[in-house]
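First up is the structure itself, then whatever we jot down about it.
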Amino acid sequence: MNRVLVTGGAGFIGSNFIRYFLKHQQDISLLVNFDFLTYAGNLENLTDCESDPRYRFVRGDVRDYGQVKQLFSEYGFDTVVHFAAESHVDRSITDPELFLTTNVLGTRALLDAAKEQWNIDPKNKYSQTYKPGVRFLQISTDEVYGALGPTGKFTELSPLLPNSPYSASKASADLLVRAFGQTFGLPVNITRCSNNYGPYQFPEKLIPLMVHNALLDKPLPVYGDGMQVRDWLHVEDHCAAITAVLERGLVGEVYNIGGSSEKTNLELIRLILRELEKSEDLITYVQDRPGHDRRYAIDHTKITETLSWSPVYTVEEGIHETVQWYLHHPDWIERVVTGEYQVYYARMYETL
Ligand code: NAD
Ligand code: TYD
């Protein structure tokens, strides 16, 4: 692991990962953040990394195979950490096509470029020999497994049963990654994590949206009965897990990453309101999301037993720290919620 391509590094998890990785991996000589800077990409998330001589930003689109191929030949990566995606379920309900092109075709372009660049005999279609130490890591989601009932957890062997256009696009990308491993022998891994939270998350997702609205004493839109369950994972725990997979993961393996922190949406919102000393009267029930998955929960035994990774944060500690971060970064939120966010919010929550 020496020359690393991070796609989608200007987004929430990608930017946290770049900061974490530059800090903890002194041995790498280059880290290129390749990001199209959609509404979700924000270079302000990485201002403290810009002075690191190992860090480079390149604006570009993972769907553009020509550009991706050029990037590989220019920088000679040995590691790809692929975060770039359309990531919000609600947006996938209004625009499924965008999710298919970015999440599926974008992953195809990266896989093909890696295969060509890393194969020691790229003209030979039967060649399965790659440069030593190369690795393609697909960052996926527990949502590919679909929804759980009140009990049980997703393991790596759970069937893929995605319910939203977002999760269907991520499952499709995962299957392509698997196929490149099986057919071409490309050294791949897939990680599937639960809902992340922490600093720099765009306020379309549950936690920053609720924090932002509560600070303004605006209604908190709870979909349906608010009893849906998510397994909350602090983004720093996620970054440590990704690093463990890059360092010690077995080629071809899938690893589930979870926070061991199941909460209903209502429990989580009440926790946030207590942190902010705001009234529960702000909670406002709104029409449910179509196809809303009832419960996710991750069994992370495999990564814990084989790679010695476990989450460190409890959700109570993590929410406290995260709420404090948002309280101390009002300028970041203000800049993020101008422009496109206002249009999105009005369309999504227009009855509030
Ligand atoms: P995000 O929406 O905050 O960031 C996505 C980033 O990808 C943005 O910087 C955006 O500009 C970039 N991007 C989008 N389209 C692109 C394109 N065509 N070319 C290049 N860059 C492009 O997402 P996130 O929450 O940081 O999620 C990162 C990854 O983790 C995604 O693959 C997502 O599916 C996965 N994931 C996220 C969560 C979560 O809770 N946030 C949970 C499980 C898995
Ligand atoms: P979200 O952050 O969109 O993540 P995901 O859908 O990928 O799990 O939503 C987390 C949970 O919060 C999910 O059950 C939907 C719910 N939710 C609301 O109740 N209201 C909201 O305004 C949002 C954005 C989410």
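In this chain, residues are counted from 1 in sequence order. Just follow the structure's listing: the first ligand is 1, and inside any ligand the first atom is 1. Keep in mind that what you see is a predicted model, and the values were worked out from it rather than measured.
Each of the following atoms of ligand 2 lies closer than 4.0 Å to a heavy atom of Lys205: 2 (O). Interface atoms of ligand 1 facing Cys193, defined by a heavy-atom separation under 4.0 Å, are 42 (C), 43 (C), 44 (C). Contact atoms of ligand 1 toward Asn195: 40 (O) (distance under 4.0 Å to a heavy atom of the residue). Listed by number with element, the atoms of ligand 1 under 4.0 Å from a non-hydrogen atom of Ile139 are 30 (O), 32 (O). Of all atoms in ligand 1, listed by their number and element, those nearer than 4.0 Å to a heavy atom of Ser140 are 43 (C), 44 (C). Of all atoms in ligand 2, listed by their number and element, those nearer than 4.0 Å to a heavy atom of Val89 are 6 (O), 7 (O). Residue contact check: Gly60 has heavy atoms under 4.0 Å from atoms 19 (N), 20 (C) of ligand 1. The distance from ligand 1 to the heavy atoms of Gly11 drops below 4.0 Å at these ligand atoms: 3 (O), 4 (O), 8 (C), 9 (O).
Nearest protein neighbour of atom 40 (O) of ligand 1, counting heavy atoms only, is Asn196 N, 2.8 Å.
By the 6.0 Å and 45° rule, Arg230 stacks over the aromatic ring of Tyr296. With Tyr344 as the aromatic partner, Arg91 meets the cation-pi criteria of under 6.0 angstrom to the ring centre and within 45 degrees of the ring axis. Relative to the ring axis of Tyr65, Arg108 places its NZ or CZ within 45° and under 6.0 Å from the centre. Judged by a 6.0 Å distance limit and a 45° cone about the ring axis, Lys302 is positioned over the six-membered ring of Tyr255.
The environment of Glu50 atom CD is dense: over 12 non-hydrogen atoms of other residues, nucleotides or ligands sit within 6.0 angstrom.
Nearest heavy-atom pair across Tyr20 and Cys239 is CG-CB, 3.6 Å.
At least one N or O atom of Thr38, backbone or side chain, sits closer than 3.5 Å to an N or O atom of ligand 1. For His292, a nitrogen or oxygen atom sits less than 3.5 Å from a nitrogen or oxygen atom of ligand 2, counting backbone and side chain alike. For ligand 1, the polar-atom distance check finds no N/O of Ser194 at less than 3.5 Å from any of the ligand's N/O atoms. Backbone and side-chain nitrogen or oxygen atoms of Asp293 are examined, and none is located within less than 3.5 angstrom of a nitrogen or oxygen of ligand 2. Between Pro221 and ligand 2, at least one N/O pair is under 3.5 Å apart. Ligand 1 has no nitrogen or oxygen under 3.5 angstrom from a nitrogen or oxygen of Thr141. Distances between N or O atoms of Phe83 and those of ligand 1 include at least one value under 3.5 Å. The N/O atoms of Phe12, backbone and side chain alike, include one that comes under 3.5 Å of an N/O atom in ligand 1. An N or O contact shorter than 3.5 Å is missing between Gln228 and ligand 2 by distance.
With a 4.5 Å cut-off on side-chain heavy atoms, Pro203 and Val337 count as touching. Taking the side chain as every heavy atom from C-beta outward, Phe83 and Asp35 never approach each other to under 4.5 Å.
A distance-only check finds a donor-acceptor pair linking the side chain of Asn103 to the backbone of Glu86 [under 3.5 Å].
Of all the heavy atoms of Arg289, the ones lying under 4.0 Å from any atom of ligand 2 belong exclusively to the side chain. Contact annotation: for Tyr166 versus ligand 1, heavy atoms closer than 4.0 Å belong to the side chain alone. Contact annotation: for Leu37 versus ligand 1, heavy atoms closer than 4.0 Å belong to the backbone alone.
Using 4.0 Å as the threshold, Glu143 has a heavy atom nearer than that to some atom of ligand 2. For the pair Tyr349 and ligand 2, a heavy-atom separation below 4.0 Å is found.
With atom 16 (C) of ligand 1 as the reference point, the heavy atom nearest to it among Tyr296, Phe17, Phe36 is part of Phe36. In the candidate list Ala85, Gly106, Ser167, Gly41, Ala85 is nearest to atom 7 (O) of ligand 1, counting heavy atoms. Evaluated by nearest non-hydrogen atom to atom 39 (C) of ligand 1, the leading choice among Leu233, Ile13, Leu43 is Ile13. Summarising the contacts of atom 32 (O) of ligand 1 with Glu204, Arg192, Arg230, Lys170, the nearest heavy atom is found in Lys170.
Residues Tyr223 and Asp90 bring a donor and an acceptor atom of their side chains to less than 3.5 Å of each other. A donor-acceptor contact closer than 3.5 angstrom links the side chains of Glu247 and Gln25.
Between Tyr341 and His212, the ring planes are perpendicular. Angles over 60° get that label, and only those under 30° would be called parallel.
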